[in-house]
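Input: a single structure, listed below in C-alpha cells.
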Amino acid sequence: MNAETREAFPRIISVDDHTVEPPHVWRDRLPAKYQDTGPRVVRAPLKEMTFVGGKFAPKMGAPDEEGPLADWWVYEDLHRPLTRLDTAVGYSRDEIRLEGITYEQMRPGSYRVPERLADMDVNHVQSALCFPTFPRFCGQTFTEAKDRELGLLGVRAYNDWMVEEWCGPEARGRLIPLTLIPLWDAELAAEEVRRNAARGVRAVCFSEIPPHLGLPSIHTDYWDPFLRACDETGTVIAMHIGSSSRMPSTSADAPPAVGSTITFANCCFSMTDWLMSGKFDRFPSLRIMYAEGQIGWIPYILERADVVWEENRAWGGVADKVHRPPSELFAEHVYGCFFDDAFGLQNLDAIGVGNVLYETDYPHSDSTWPKSREVGESQMGHLAPDVVERIVRGNAIELLGLTADGLWAGAGA
C-alpha cells in the first residue's frame, strides 16, 4: 500500500469490541432488596481455574486461603473472576496467561470511557460496538439464573447502563450501544428490543445456537415475536462466537489452541441454520451479523448451501419455506465480521463487499490493538479505496444507523 493510500486509510468503525463492566453497574440500578443477590464484585483468592475442552472452570477460594487475588463477580450461586483473557491489551503475547486479575491490573480503557476513547485514538478507531463480559455474549448469565424477576431487572439494568452511561454524553457518539434481551421469554425480548429501539439502539445480542443454551431453535416459531420486533425496528441481531456457551472443540482434553483455531465453526453452523430456516422470507428487513467469526469460510458454505437447496430441497425439509438460493438470502441479510483474515479478503468477490465488517476485538487476547490500522492496510492493500471504505466503516454506518460521520446519535439516530 503506497503512502498516499495509507494516509487515506479510513477511520475504523469496529463492530466487535468489549466492555468490562465496572463494579457499580447493578449495584446502582437494582432495588435494595437485591443488593445481596444481584451481581456484585468481591475480591477473593483464585483457588483453581482451567480452560480445557472448550469449558471454563474457575474456583473461588475462601478469604483466608492462599492464592492470587482476583476480583470476582458474584451472582446467586455464580462466582466468575475477571481474567487476563478478558483484558489482555498492553501485554505481550507471552505474558497473556489463564489467570485471575483485579481491576487495577487491567488497562483502564477496558471499563472507563475516557481511557477507552484514548485507546481508540491510538488504534485509528473512530467508533466501536461493544459486547458484554460478565453477562456473557448474549446475556446467558441472566438466562441461567434462578430468579427470573431479578434476571429481567439485571438485563434492563445492563441496557440502561449501556445506553445512558457507556454510550452516554461522555462518549460523544463514539461508543455504539449493543443491548441484551431476556432469552427465556420471546415476548419480553420483543418488548426490550422496542424499548431500546425507541432510544436509538440498533443492535441486540443473540445466541449463535440457542439449543446449546436449552432454548428452542430458530426453526421453531418461538422466536417470532423477537424477530418481528427486530425486523420492524431495524435492529440487527449480533451473534458473537461463544454466545451459545459452547466454544468448538474436538475432545474433553483438547488444549485451548484447538478451539481458538476453529472458533468460526459455531458461526458456520449458525449461518446454515438461518439460511435454511425460512426466517428471512418471513421477516424481509431482518439482518444478522457474526462477530469475531472471520470470513474466509463463507464462500464454501454458500456454495454448498446453494447446491443442497437446488438438488435436495424436496426431501431436505426446506422447499416450502426457503424460496430463493441461500446465497441470495445471505447477500441481503447476513454480515461477516473479521479482524485478521487475509484469505477471506483475497476471496471477497465470493462473499460480497457489502456483507463484510471490520473489528478490533479490544481488549481481548486476540485483539489487533494497537495495530488494527496496520493489519488492515496490509490485508486490504489489493482493494480499491472505495471498497476499503465500505469494509472499514461504510457498511457499519448503514447497518447500525450511524450518522454520515460514523457516530451514534442516540434517540435521533
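Both backbone and side-chain heavy atoms feed into the values below; hydrogens, waters and symmetry mates do not.
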Derivation of the side-chain contact (heavy atoms from CB on, under 4.5 Å) call for Y91 and R84
CA-CA 9 Å; Y91 288 77; R84 177 56 63 209; 3.1 Å; yes
Note: E66-K47 ion pair, threshold 4.0 Å (strictly below)
no
Interatomic spacing from CG in L213 to CD in E144 - rounded to 0.5 Å
7.0 Å
For the CG atom of D361 and the OG atom of S14, what is their distance to the nearest 0.5 Å?
8.0 Å
Take atom CG in D320; do more than 12 heavy atoms of anything else shown fall under 6.0 Å from it?
yes
For D119, is there an ion pair with R112 - N to carboxylate O distance below 4.0 angstrom?
no
Determine the minimum heavy-atom distance between I351 and G344, stating which atoms define it.
CD1-O, 3.7 Å
Look at atom OH of Y222 and say whether more than 12 heavy atoms of other residues, nucleotides or ligands are closer to it than 6.0 Å.
yes
Should the pair F9 and H124 be assigned to parallel (<30°), tilted (30 to 60°) or perpendicular (>60°) ring geometry?
tilted
Identify whether the distance between the nearest side-chain nitrogen and carboxylate oxygen of R107 and E115 falls below 4.0 Å.
no
For P370 and V122, the nearest pair of non-hydrogen atoms, with its separation, is CB-CG1, 3.8 Å
Between H24 and E165, does any side-chain donor sit less than 3.5 Å from a side-chain acceptor?
yes
Check Q379 against F338 and note the closest heavy-atom contact, atom names and distance.
OE1-CE1, 4.4 Å
Whether F226 and W223 hold their rings parallel, tilted or perpendicular, with breakpoints at 30° and 60°:
perpendicular
So does E389 pair up with R393, basic N to acidic O under 4.0 Å?
yes
What class does the angle between the rings of F137 and H18 fall in, given that below 30° is parallel, 30 to 60° is tilted and above 60° is perpendicular?
tilted
Kindly indicate whether the side chain of I288, heavy atoms from C-beta on, has any atom under 4.5 Å from the side chain of H333.
no
Go through Y103 and Y111 one step at a time and tell me if the ring-ring contact (aromatic ring centres under 6.0 Å, His included) criterion holds.
CA-CA 9 Å; Y103 280 93; Y111 65 99; 5.1 Å; yes
Nearest heavy-atom contact between T233 and A197 is CB-CB, 3.7 Å
Without placing hydrogens or testing angles, list every side-chain donor-acceptor pair under 3.5 Å for residues 175-182, not counting sequence neighbours.
from: T179; atom 1: OG1; to: A203; atom 2: O; distance (Å): 3.4

Step through the shown structure and confirm whether more than 12 heavy atoms of other residues, nucleotides or ligands are within 6.0 Å of NZ on K321.
yes
Under 6.0 Å from the CD atom of E104, do we count more than 12 heavy atoms belonging to anything else shown?
yes
Evaluate the criterion side-chain hydrogen bond (donor to acceptor under 3.5 Å, both in side chains) for residue pair D273 and H219; output intermediate values, then yes/no.
CA-CA 8 Å; D273 250 352; H219 299 291; 2.5 Å; yes
Any donor and acceptor pair, going by atom type alone, linking the side chain of R174 with main-chain N or O of V125 inside 3.5 Å?
yes
If we check salt bridge (charged side-chain N to carboxylate O under 4.0 Å, His left out) with E398, which of these qualifies: R390, R287, R202?
R287
Nearest heavy-atom approach of W26 to G154 is NE1-O, 2.9 Å
Closest heavy-atom pair, Q105 versus L69, reported as atoms and distance to 0.1 Å, is OE1-O, 4.4 Å
Cation over ring, R313 on W309, under 6.0 Å and within 45°?
yes
Once salt bridge (Lys or Arg N to Asp or Glu O under 4.0 Å) is applied, do any residues pair with E303, and if so which ones, sequence neighbours excluded?
none
